[in-house]
Amino acid sequence: MAMGIAIGSDQGAAGEYNGRMTLFVVLSCMMAAMGGVIFGYDIGISGGVTSMAPFLKKFFPEMYTKMKEDNKISNYCKFDSQLLTSFTSSLYVAGLVASFFASSVTKAFGRKPSILVGGAAFLAGAALGGAALNVYMLILGRVLLGVGVGFANQSVPLYLSEMAPPRYRGAINNGFQFSVGIGALSANLINYGTQKIKGGWGWRISLAMAAVPASILTLGAFFLPETPNSLIQQNTDPQTAKSMLQRIRGTQDVQAELDDLIKASEISKNIKHPFKKIIQKKYRPQLVMAIALPFFQQVTGINVIAFYAPLVFRTMGIGESASLMSSVVTGLVGTGSTFISMLIVDKLGRRVLLLVGGIQMLASQVMIGVVLATQLGDHGGVSEGYAVLVLVLICVYVAGFGWSWGPLGWLIPSEIFPLEIRSAGQSINVAVNFLFTFVVAQTFLAMLCHFKSGIFFFFGGWVVVMTVFVYLFLPETKNVPMEQMGRVWREHWFWKRVVGEEYDASKMEE
């Protein structure tokens, strides 16, 4: 990311503010993005431990027996267990509920306290999971992890978008998904190492190690500065907010941006029930995106890879160690592609990446489905050559997701809402994300059993739908200041018919 790029003050009305990327912003956002690391670590760790024989033998003995001894059961049905999927998906039910409480905390007390609560809850869940003696302790730990992720996912994307200068907002916010990738990759590496520990207790290390990023986030939250948007929203002395804005923008001339923040805050103070406000017609485009984007992000089929990649590889007849190493490879690809997205999202824009990523994911999913349909029957495995081919195709798919729907599914909802409904909008985004993450996580193994290779065509069909949706209905938001985002809807061929030309006028009259 470039540093020290100044923007002339006369550009404020045209949609740009004074300022540059400062080291203070970079360090603050790096610390806040640890919220993404805890999310990614959990995604990676849960998929890995559920493929470890000692973990299955201790907590899911019936499934372990079925996997080892039942030669008649289909390859696609070996891991079909509602109890196992409850272990994975319980986090997302808790996260869904927690996200609505997080909305109130984030709005009333600021982004920083919400991040702190998220880190502390995740830390408690990691401790309980690592010490679990039975499946109930295991799932209770998952619930606490879910509370942590619910608070972190609600507050961290908002924090990153509000701290970043508009022209670098995409790169900074995509750092959240990059951190998710770092967390998942770390988990995959740890799973690969702990699986080899003699005695069968390596899974405890895998689960307990989630305490490391959670501790960093919890302690680091004490030192994070609050965003200027939040300071103004909490009725803090405007001079304090101005000083913070000057510090994070690296310039004394921040009056244009400050004026927009104060104006937005005045509107926000008149909104007593943001969840009722958000359903009004003038906010319809933002509400549709807050629901559609997280829904589409989940039905890309990424959770086939994120949660169950080791199980999918074992379904193909690949051994436990090799399946975990395959997850490391896909984790590296996902992290690398998200980093590329950070570098190009503010140059190419959101729409281009989503369209290219959609086409790339569709092509790879169709090819994976064809290979499995023709080469993997109900019994036996696939040849080494086809196993490598599937791994390559999955890497192509993960790369497509990594520079498109992965990071942009968090970026776009965090930047499109006006301040008065921003916390409510982000809560809806997180809640929908968790709801459909839960649905996919809870149903995938059963769907794999019934659909078999057709599962990849099922998700591929959704990729077609979401790519067409982006082409028709999603306007470009790159380089547009958050407090001036209303104009992208008024200029869009479809949404201008919904919001009308009185959008800004009605905001000022409230």
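Keep in mind that the numbers below use all heavy atoms, side chains included, and drop hydrogens, waters and symmetry copies.
- Applying the side chain to side chain donor-acceptor pair (under 3.5 Å) criterion to S404, with sequence neighbours excluded, gives no partner residue.
- Judged as a salt bridge (Lys or Arg N to Asp or Glu O under 4.0 Å), the pairs with a partner in residues 422-437 (not counting sequence neighbours) are, in order, E162-R422, R422-E483.
- Tested against I412, the residues N173, V470, L474 include a single side chain to side chain contact (heavy atoms under 4.5 Å, CB included) partner, L474.
- Take L140 and apply the side-chain contact (heavy atoms from CB on, under 4.5 Å) test, not counting sequence neighbours, and it matches L128.
- With hydrogens and angles disregarded, no donor-acceptor distance shorter than 3.5 Å links the side chain of Q426 to the backbone of S103.
- Residues satisfying the side-chain contact (heavy atoms from CB on, under 4.5 Å) criterion with I197, sequence neighbours excluded, are T194, W201, I205.
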> Between Y92 and F438, is a ring pair (Phe, Tyr, Trp, His ring centres under 6.0 Å) present by the stated rule, with each step listed?
Replying inline: CA-CA 5 Å; Y92 299 97; F438 165 75; 8.4 Å; no
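- Not a single ring-ring contact (aromatic ring centres under 6.0 Å, His included) links F39 to another residue, sequence neighbours left out.
- Contacts of F101 classified as ring-ring contact (aromatic ring centres under 6.0 Å, His included), with partners at least two apart in sequence or in another chain: none.
- For V254, the side-chain contact (heavy atoms from CB on, under 4.5 Å) test picks out K242, L245, Q246, R249, T251, with sequence neighbours left out.
- Counting only residues at least two apart or in different chains, ring pair (Phe, Tyr, Trp, His ring centres under 6.0 Å) contacts with residues 406-427 comprise F176-W410.
- In this structure, the side chain to side chain donor-acceptor pair (under 3.5 Å) partners of Q233, at least two apart in sequence or on a different chain, are R111, S268.
- Not counting sequence neighbours, the partners of E415 by the side chain to side chain donor-acceptor pair (under 3.5 Å) test are R169, R350, T477.
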Counting only pairs under 3.5 Å, give me each side-chain donor-acceptor contact of residues 289-296, with atom names and distances, residues two or more places apart or in other chains.
none

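- The side chain to side chain donor-acceptor pair (under 3.5 Å) check on E226 picks up nothing, with sequence neighbours excluded.
- Looking at Q360, its side chain never comes within 3.5 Å of a backbone N or O of A399 through a donor-acceptor pair.
- Looking at F122 and L217, their side chains never come closer than 4.5 Å, going by heavy atoms from C-beta outward.
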